[in-house]
Number of protein chains: 2
Amino acid sequence: MRTTIKDIANYLNVSTTTVSRALNDKDDISDKMRQKVLEVAKLLDYKPNSIAISLRKKTSEKVIGVVLPSVNHYFFSTILRGITTTGHGDDYLVMIGESNQDVKREKEIINQFDDHYVAGIILVPTRNKDSRENVEMIGRRGTPMILIDRTFDDYQGSYIQHDDFKGAYDATNHLISQGKRKIAMLKGGHDCSLSQTRYDGYKTALNDINLKSNSAFVISCTNANKEEGYGAAQKLFAQSIKPDAIFCITDQLAVGVLEYAKDHKISVPAELSIVGYSNSEIAQNVTPKLTTVGQDGFEMGQLAKEYLIEMVLRPEVIRQKVFSSELIKRDSS
Amino acid sequence: MRTTIKDIANYLNVSTTTVSRALNDKDDISDKMRQKVLEVAKLLDYKPNSIAISLRKKTSEKVIGVVLPSVNHYFFSTILRGITTTGHGDDYLVMIGESNQDVKREKEIINQFDDHYVAGIILVPTRNKDSRENVEMIGRRGTPMILIDRTFDDYQGSYIQHDDFKGAYDATNHLISQGKRKIAMLKGGHDCSLSQTRYDGYKTALNDINLKSNSAFVISCTNANKEEGYGAAQKLFAQSIKPDAIFCITDQLAVGVLEYAKDHKISVPAELSIVGYSNSEIAQNVTPKLTTVGQDGFEMGQLAKEYLIEMVLRPEVIRQKVFSSELIKRDSS
DNA sequence: ATCGATTCCGTAAACGATTAAGTGAATGAT
DNA sequence: ATCATTCACTTAATCGTTTACGGAATCGAT
């Protein structure tokens with residue numbers, strides 16, 4: 001049996017109230033008694049019962065919930081690592097749920113978190129706009145929450161984001177500076193705001209040198225994986241005007257394009273430059289190494305946790321941060 | 001305010017006991033009353049309070065704890081995905097902790113899980129043998145637990161493993177069948193039993209054709225990452241007798257070797273064959289694509305959860321399973 | 001000496017559920 | 001008609017804490 005405050009109280013012949021007060025460093029208790037309690041607590045190896053505390057306080061002070069589209073995805077799992085890494089030995093516990101880009105599943109997870117009184121939630125919303133409703137649901141309940149990676153128009157809450165516009169702009173501009181002019185883009189699904197922002201960055205970079213974006217050069221890839229990248233490259237190269245560069249919204253897409261290029265003896269980057277997004281593990285391991293836009297998931301995760309803890313302690317605070325993008329030039333461009 | 005059983009009880013003018021019995025499908029209650037309670041529960045949108053139940057029952061029936069060396073690692077995060085993926089809409093919640101291969105951190109996490117009354121623990125122990133003490137600590141507490149990936153000598157509890165001996169044996173044998181005879185191995189640290197097992201497989205394959213393993217051809221790489229792979233290759237090729245094949249205990253090591261080969265114009269697989277381990281995402285994206293030993297993390301994770309749930313329901317069961325290995329032949333050998 | 005304020009501690013209720021024990025009414029057996 | 005059994009429900013304790021409230025003792029001021 002684990003020691004409870006009752007055991008300590010009995011040992012000292014005092015009430016549990018006194019013990020509780022001593023352990024929680026409250027007033028209304030003498031220093032002498034406080035000392036005695038602390039000694040006995042150590043002696044009996046007392047550990048507070050988190051569940052009982054949660055029930056009484058109606059919040060699991062030291063538990064945060066994290067919901068990710070996938071734990072298997074390099075960028076997301078890096079965020080998770082940022083969150084779970086204990087900075088200075090803090091003792092937060094993290095619950096994890098995978099939405100799989102499914103809004104309904106996302107809602108289920110959030111409700112489960114709620115059941116368990118999580119102190120706060122770190123959420124990477126699905127690509128679907130309806131995730132907004134889930135976000136608002138959390139808001140109504142008053143649970144502190146911080147969004148990572150995606151947000152919504154006019155979103156007033158806390159978030160941590162990456163500068164997608166600048167990332168895409170820099171990437172496109174980089175291709176332009178390499179002398180490329182027929183620059184295609186592989187974007188995401190239509191309801192993905194993040195993809196839209198990157199698309200805007202791409203268009204703006206083209207406009208800045210008076211190049212109109214050619215709609216035949218822009219392909220939507222809903223899953224944004226390697227296979228779609230391969231397929232999109234196929235489509236692009238089936239047209240009469242062929243691109244001399246492709247900016248891809250994910251590294252996976254870029255790897256798919258790269259594979260297509262290899263299969264069809266298109267030399268990279270001479271004939272075709274390729275730029276990906278996220279600086280995944282693969283980006284530096286494919287040949288040629290992929291030029292990509294870096295997103296520091298670890299740092300984003302760490303900061304999200306920091307912010308969230310602030311928000312738990314002081315519910316009125318709102319934190320917003322946009323990480324600047326960083327173009328990592330490698331061999332594919 | 002959320003509805004509690006008290007609200008339902010008041011609504012119907014009955015005691016909370018009756019409500020509890022109805023909701024939990026117990027005896028000692030009339031069908032008519034059971035129906036009424038269920039209706040009102042639905043009407044008032046009742047959701048049980050998991051925390052209160054945990055406190056009373058002294059176990060968080062629907063929460064499992066997972067501790068991984070790293071959530072960022074492809075194989076481990078695939079296991080995690082297997083665990084979090086809800087098969088038939090089960091409502092288990094998972095708490096996650098990262099040991100970072102640190103036995104002390106592992107212990108902290110386990111203790112935190114314990115604080116929260118987790119119903120069971122899925123553990124991928126650190127490489128360090130001392131993890132055994134943590135495992136035994138959980139055992140003494142009686143918390144159901146299942147080990148994945150690594151176990152210990154004479155371990156009597158539940159585990160899910162991969163057939164490391166066969167994996168290494170097959171990989172080595174494959175290299176032999178390609179005509180290679182100077183086969184080096186990059187293994188892990190000395191206290192890593194998993195590495196030892198793979199080493200045994202390697203040695204046995206060599207012995208079977210009367211080749212003695214050459215100690216100069218076996219290099220220990222404690223972190224087993226890309227950089228160490230590169231360094232180990234450097235060492236091997238600095239020797240007078242150079243290997244014509246290298247079997248690596250991780251894909252990361254293999255990628256490092258591959259990079260060395262590229263930098264030094266050693267043709268793969270003609271001059272040097274390379275085999276990795278784990279079938280990570282990189283394995284199929286490097287050029288040439290990496291031959292590797294497949295480990296189905298997803299399936300292992302799923303099964304671990306299934307087993308664990310069985311164990312939670314019936315504490316006397318012990319489940320042990322060794323997944324057979326699968327050599328995935330690609331272009332690096 | 002008397003009164004109010006302060007200090008230090010205890011009593012008991014509460015958080016939301018489960019469950020052992022008890023009770024009154026209906027039922028059945030003889 | 002009488003007694004035992006079963007049925008259907010309630011009372012109250014419990015899990016391990018926190019906390020509003022109350023009260024005795026001490027202190028200082030007048």
Side-chain angles (χ1 to χ4, degrees), chain A residues 1-38 40-41 44-63 111-112 114-119 141, chain B residues 1-38 40-41 44-63 91 111-112 114-119 141-142:
Chain A
M1 273 296 124
R2 274 173 63 149
T3 348
T4 68
I5 57 168
K6 212 169 176 176
D7 297 325
I8 301 179
N10 288 339
Y11 191 98
L12 286 170
N13 259 311
V14 297
S15 73
T16 59
T17 307
T18 303
V19 176
S20 173
R21 278 204 273 253
L23 294 171
N24 291 297
D25 215 34
K26 295 258 167 105
D27 302 342
D28 261 29
I29 188 169
S30 66
D31 282 344
K32 202 167 40 164
M33 179 61 89
R34 191 197 313 282
Q35 282 311 316
K36 278 202 283 183
V37 171
L38 292 179
V40 177
L44 302 183
D45 190 32
Y46 169 76
K47 299 226 171 41
N49 182 315
S50 312
I51 297 291
I53 297 176
S54 295
L55 178 61
R56 178 61 223 230
K57 294 208 182 159
K58 290 187 150 232
T59 170
S60 297
E61 287 177 302
K62 294 290 195 172
V63 179
N111 281 330
Q112 279 182 296
D114 202 52
D115 281 351
H116 286 268
Y117 288 154
V118 293
R141 289 184 186 156
Chain B
M1 272 296 122
R2 274 174 63 151
T3 3
T4 67
I5 57 168
K6 210 170 178 179
D7 297 324
I8 301 178
N10 288 340
Y11 191 99
L12 286 170
N13 260 309
V14 297
S15 73
T16 60
T17 306
T18 303
V19 176
S20 174
R21 278 206 270 257
L23 293 171
N24 290 298
D25 215 35
K26 296 256 167 107
D27 302 342
D28 258 28
I29 187 168
S30 66
D31 282 343
K32 201 165 43 162
M33 180 60 88
R34 191 196 312 281
Q35 282 311 315
K36 278 204 282 184
V37 170
L38 293 179
V40 176
L44 302 183
D45 190 32
Y46 169 77
K47 300 227 171 41
N49 183 315
S50 314
I51 296 292
I53 297 177
S54 294
L55 178 60
R56 178 60 224 233
K57 294 208 182 160
K58 291 187 149 232
T59 169
S60 298
E61 288 178 299
K62 295 288 195 172
V63 180
D91 48 354
N111 281 330
Q112 280 182 295
D114 202 52
D115 280 351
H116 287 268
Y117 287 156
V118 294
R141 290 184 186 154

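In the text below, chain A, chain B and the rest are named by the order of the sequence lines, each starting its count at 1.
Remark: the Arg56(A) side chain and the dT17(D) base include no donor-acceptor N/O pair separated by less than 3.5 Å.
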Pairs under 3.5 angstrom, nitrogen or oxygen only, protein versus nucleotides 4-8 of chain D, please.
none

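Residue Met1(A) contributes atom CE, which lies 10 Å from atom C1' of dC15(D) at whole-angstrom precision. Ile51(B) places its CD1 atom 14 Å from the P atom of dT18(C), with the value rounded to the nearest Å. Between Tyr117(A) atom OH and dT17(D) atom P there is a gap of 17 Å when expressed in whole angstrom units. What separates CD of Glu61(A) from P of dT17(D) is a distance of 14 Å, to the nearest Å. If you measure from atom CD1 of Ile53(B) to atom C1' of dC15(C), you get 14 Å, rounded to the nearest angstrom. Spacing between atom NZ of Lys57(A) and atom C1' of dG16(D) amounts to 13 Å, rounded to whole angstrom units.
Looking at residues two or more places apart in sequence or on another chain, you find a side chain to side chain donor-acceptor pair (under 3.5 Å) between Asn24(A) and Ser20(A). Residues satisfying the side chain to side chain donor-acceptor pair (under 3.5 Å) test with Lys6(B), not counting sequence neighbours, are none. Looking at residues two or more places apart in sequence or on another chain, you find no salt bridge (charged side-chain N to carboxylate O under 4.0 Å, His left out) involving Arg21(A). Looking at residues two or more places apart in sequence or on another chain, you find no salt bridge (charged side-chain N to carboxylate O under 4.0 Å, His left out) involving Asp28(A). In this view, Tyr46(A) satisfies the side chain to side chain donor-acceptor pair (under 3.5 Å) rule with no residue, not counting sequence neighbours. Lys47(A) is linked by a side chain to side chain donor-acceptor pair (under 3.5 Å) to Asp45(A), counting only residues two or more places apart in sequence or in another chain. With sequence neighbours excluded, no residue forms a salt bridge (charged side-chain N to carboxylate O under 4.0 Å, His left out) with Asp7(B).
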Show me the donor-acceptor pairs, under 3.5 Å and distance only, between side chains in residues 12-19 of chain A and residues at least two apart or in other chains.
unit_1, atom_1, unit_2, atom_2, d
Ser15(A), OG, Thr17(A), N, 3.4
Ser15(A), OG, Thr18(A), N, 3.3
Ser15(A), OG, Thr18(A), OG1, 3.3

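Within the 4.0 angstrom heavy-atom criterion, only backbone atoms of the sugar-phosphate kind lie near Lys47(A); the bases stay farther away. Heavy atoms of Asp27(B) sit nowhere under 4.0 angstrom from any nucleic acid atom. Residue Thr4(B) is in sugar-phosphate contact alone, with no base atom involved, counting any heavy-atom pair closer than 4.0 Å across all strands shown.
The shortest distance between the side-chain N/O atoms of Thr18(B) and the OP1/OP2 oxygens of dT10(D) is below 4.0 Å. Considering only side-chain N and O atoms, Asn24(B) lies under 4.0 angstrom from the phosphate OP1 or OP2 of dT18(C).
Between Arg34(B) and Arg2(A), the one whose closest nucleotide on DNA chain D sits nearer the 5' end is Arg34(B). Residue whose closest nucleotide on DNA chain D sits further toward the 5' end, between Leu23(A) and Ala52(B): Ala52(B). Two residues, Arg21(B) and Leu55(B), neighbour DNA chain C, and the one matched to the more 5' nucleotide by heavy-atom proximity is Leu55(B).
A side-chain contact (heavy atoms from CB on, under 4.5 Å) with Thr3(A) holds for exactly one of Val40(A), Asn49(A), Leu44(A); it is Leu44(A).
Taking every side-chain heavy atom of Ser20(A) into account, dT18(D) is the closest of dT17(D), dT18(D), dT18(C). Side-chain proximity of Lys58(B) to dG16(D), dT10(D), dG10(C): nearest is dG16(D).
Residues of residues 5-17 of chain B having a heavy atom closer than 4.0 Å to DNA chain D, listed by number: Asn13(B), Val14(B), Ser15(B), Thr17(B).
A side-chain donor-acceptor contact under 3.5 Å links Ser60(A) to the backbone of His116(A).
Judged as a salt bridge (Lys or Arg N to Asp or Glu O under 4.0 Å), the pairs with a partner in residues 53-62 of chain A (not counting sequence neighbours) are, in order, Lys57(A)-Glu61(A), Lys62(A)-Asp91(A).
Direction change of the helix axis from one end of the helix from dA1(C)-dT30(D) to dT30(C)-dA1(D) to the other is 50°, with five pairs defining each end axis (rounded to 10°).
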Check step by step if side-chain contact (heavy atoms from CB on, under 4.5 Å) holds for Arg141(A) and Asn111(A).
-> CA-CA 11 Å; Arg141(A) 289 184 186 156; Asn111(A) 281 330; 2.6 Å; yes
